[in-house]
Every structure is written in structure tokens, then in C-alpha cells.
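Accompanying notes for the structure given below.
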Amino acid sequence: MKKLILSAIAATLVASPMAVSAAEAAPVQRERTVTTVKERPNGRTVVTQRTTVRNNGIRNNGPRNWRAGQHFDRRYATNYRVVRDYRTYRLAAPGRGQYWARSGNDAILVRNNGTVVRVIQRSFR
């Protein structure tokens with residue numbers, strides 16, 4: 001019985017720092033809600049509610065501006081898609097080991113290793 005109690009105490013001592021470190025590693029989300037109330041001249045009341053979420057104090061500042069030579073990571077591309085019908089968008093045929101990708105309204109020519117070769121801005125409408 002004594003060994004069972006000692007092993008249970010040892011297990012809780014080992015497991016407690018793991019639980020604390022997992023809680024600390026969780027991303028901190030700050031949520032801010034702004035409510036705007038406007039009275040219109042025709043008697044209507046318009047209520048607008050906007051919620052902003054920030055993760056670890058880092059803000060997503062909209063679409064990323066890609067440049068040749070950068071490493072392309074599709075997680076940071078807005079509206080990411082691989083463009084297979086490049087002729088429809090008047091894009092040149094990609095070379096061997098390259099492909100066209102869409103990030104927002106920009107067409108990006110990317111090598112298979114992830115390097116940006118060329119960027120054509122506002123090619124999608």
C-alpha cells in the first residue's frame with residue numbers, strides 16, 4: 001500500500017509541470033468587440049458590431065506583398081489556389097519544376113522548393 005501511494009505522489013509531481021507548460025504554450029487570444037449605434041434621420045437605428053481577435057499580440061495586416069526571391073509559404077497567402085488554367089489569365093507557361101499560385105489578386109510563379117520566381121500583381125479580378 002505504501003508503494004502504491006508513493007508511486008501516485010511521484011506521478012502527480014511528474015505530470016503537474018507538463019500540464020502547466022501545456023497551458024502556457026496555448027496561444028493567447030485577445031478579443032475586442034466594438035458596438036456602434038447610429039440614429040438615422042428617417043428614424044431608423046443602425047447597430048454595427050465588429051469583433052477583432054488578436055493572437056499573441058500579432059495582428060494580421062491583410063494580404064502579403066510577395067517579392068521574387070522570397071520563400072513562398074501558402075499559409076500566409078490569402079485566397080491560396082494553384083492556377084492550372086494559366087492561359088485563361090494570360091500567364092506564361094510555367095517552366096519545369098514551377099507552378100502558378102494565387103495569393104489574393106496576385107499571380108505568383110513558384111518553384112517546387114518554395115522560392116518565388118515572379119509576381120504579377122492584380123492579375124485576378
Subject >> Distance-minimising heavy-atom pair for Tyr80 and Val82 >> reply: OH-CG2, 3.3 Å
Give every donor-acceptor pair under 3.5 Å between a side-chain atom in residues 110-120 and any protein atom, sequence neighbours left out.
residue, atom, partner, partner atom, Å
Asn113, OD1, Thr115, N, 3.1
Asn113, OD1, Thr115, OG1, 3.1

Original post:
Is it the case that one hydrophobic cluster holds both Val83 and Leu109, taking links as side-chain heavy atoms less than 4.5 Å apart, direct or via other members?
Top reply: yes
Subject >> Spacing of Arg81 atom CZ and Phe124 atom CZ [to the nearest 0.5 Å] >> reply: 9.5 Å
Subject >> Test side-chain hydrogen bond (donor to acceptor under 3.5 Å, both in side chains) applied to Asp73 - qualifying residues, sequence neighbours left out >> reply: Arg75
With a cut-off of 3.5 Å and sequence neighbours excluded, list every side-chain donor-acceptor pair involving residues 98-106.
residue, atom, partner, partner atom, Å
Gln98, OE1, Gly95, N, 3.1
Trp100, NE1, Ala92, O, 2.7
Arg102, NE, Gly104, O, 2.9
Ser103, OG, Trp66, NE1, 3.0
Asp106, OD1, Arg122, N, 3.1

Original post:
When rounded to the nearest 0.5 angstrom, what distance separates CZ in Arg32 from CZ in Arg50?
Top reply: 7.0 Å
